[in-house]
Amino acid sequence: MFTPYYARWSNGEVDMVGLSDTTLKPIWALEIKWSDRYFEKPKELKSLIKFCQENSIKTPIVTSISKEREVEYADVLFQFLPSSAYEYIVGKNTLGMKIKNKHTKTLSFFKVQIKDILLFA
């Protein structure tokens, strides 16, 4: 089953992280932003940068209002994606999981990728 986690420490947080089933170490990170500001100023994503660097996560997702592109800063390749497109991905995958789970008991959360939603561009 897909279980998202929240990461928090004394002076920072990351909105959502995924943990490996076998090692229980972070394998992906997501920061939810309701602004396009961080697209132009990725250095302001200090907590996410620290978390990614300390956990060897190279490509976190950052939601935005309308920006879609990869932006590299501090050896982290941020994948900016409009919140609406991200929610489409999550919704489609959730429905797909329910259908698959009903018949095969297999789950695949990030099956839909950015290339699958280019119709929004």
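We're numbering straight along the sequence, starting at 1.
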field: Nearest-0.5 Å distance that lies between atom NZ in Lys33 and atom CD1 in Ile61
entry: 15.0 Å
- prompt: Just how far is it from atom SG of Cys52 to atom CG of Leu45, taken to the nearest 0.5 Å?
  reply: 9.5 Å
message: Applying side chain to side chain contact (heavy atoms under 4.5 Å, CB included) to Gln79 and Thr59, what does each step give before you reach the verdict?
response: CA-CA 6 Å; Gln79 297 179 50; Thr59 56; 3.0 Å; yes
- prompt: What pairs meet the side chain to side chain donor-acceptor pair (under 3.5 Å) rule with one or both residues in residues 4-20, with sequence neighbours excluded?
  reply: Trp9-Asn11, Ser20-Thr22, Ser20-Thr23
- prompt: If you look only at pairs with a residue in residues 37-73, which of them pass as a ring pair (Phe, Tyr, Trp, His ring centres under 6.0 Å), with sequence neighbours excluded?
  reply: Phe39-Phe80
message: What's the separation between atom CD in Glu72 and atom CG in Asp75, rounded to the nearest 0.5 Å?
response: 6.5 Å
task: Please report the C-alpha distance between Ile89 and Leu81 in whole Å, then the side-chain angles of each, then the deciding distance to 0.1 Å, and finally whether the side chain to side chain contact (heavy atoms under 4.5 Å, CB included) criterion is met.
output: CA-CA 11 Å; Ile89 292 170; Leu81 187 63; 3.8 Å; yes
- request: List the atom of Ala74, the atom of Gln53, and the distance in Å for their closest heavy-atom pair.
  value: O-NE2, 2.9 Å
Under 3.5 Å: donor-acceptor pair, side chain of Ser47, backbone of Val14: no
query: Are the side chain of Asn55 and the backbone N or O of Pro26 linked by a donor-acceptor pair below 3.5 Å?
result: no
- prompt: Val17 and Ala7: which non-hydrogen atoms are nearest, and at how many Å?
  reply: CG1-CB, 4.1 Å
field: From CD1 (Ile49) to CD (Glu31), nearest 0.5 Å
entry: 10.5 Å
field: Which residues share a side-chain hydrogen bond (donor to acceptor under 3.5 Å, both in side chains) with Arg69, sequence neighbours left out
entry: none
- line: When rounded to the nearest 0.5 Å, the distance separating CG of Asp36 from OG of Ser66 is 3.5 Å
- prompt: Going through the distances and angles, do Thr63 and Glu87 end up as a side chain to side chain contact (heavy atoms under 4.5 Å, CB included)?
  reply: CA-CA 10 Å; Thr63 66; Glu87 290 181 29; over 6 Å; no
Atom pair CD1/CG of Ile27 and Leu19 - distance to nearest 0.5 Å: 7.5 Å
query: What are the two closest heavy atoms between Leu77 and Pro60, and how far apart are they?
result: O-CD, 3.6 Å
- prompt: Would you call Glu44-Lys46 a salt bridge at under 4.0 Å N-O?
  reply: no
task: Using the side chain to side chain contact (heavy atoms under 4.5 Å, CB included) rule, take Tyr86 and Leu30 through it: C-alpha gap first, then chi angles, then the decisive distance, then the call.
output: CA-CA 11 Å; Tyr86 181 76; Leu30 166 71; 3.3 Å; yes
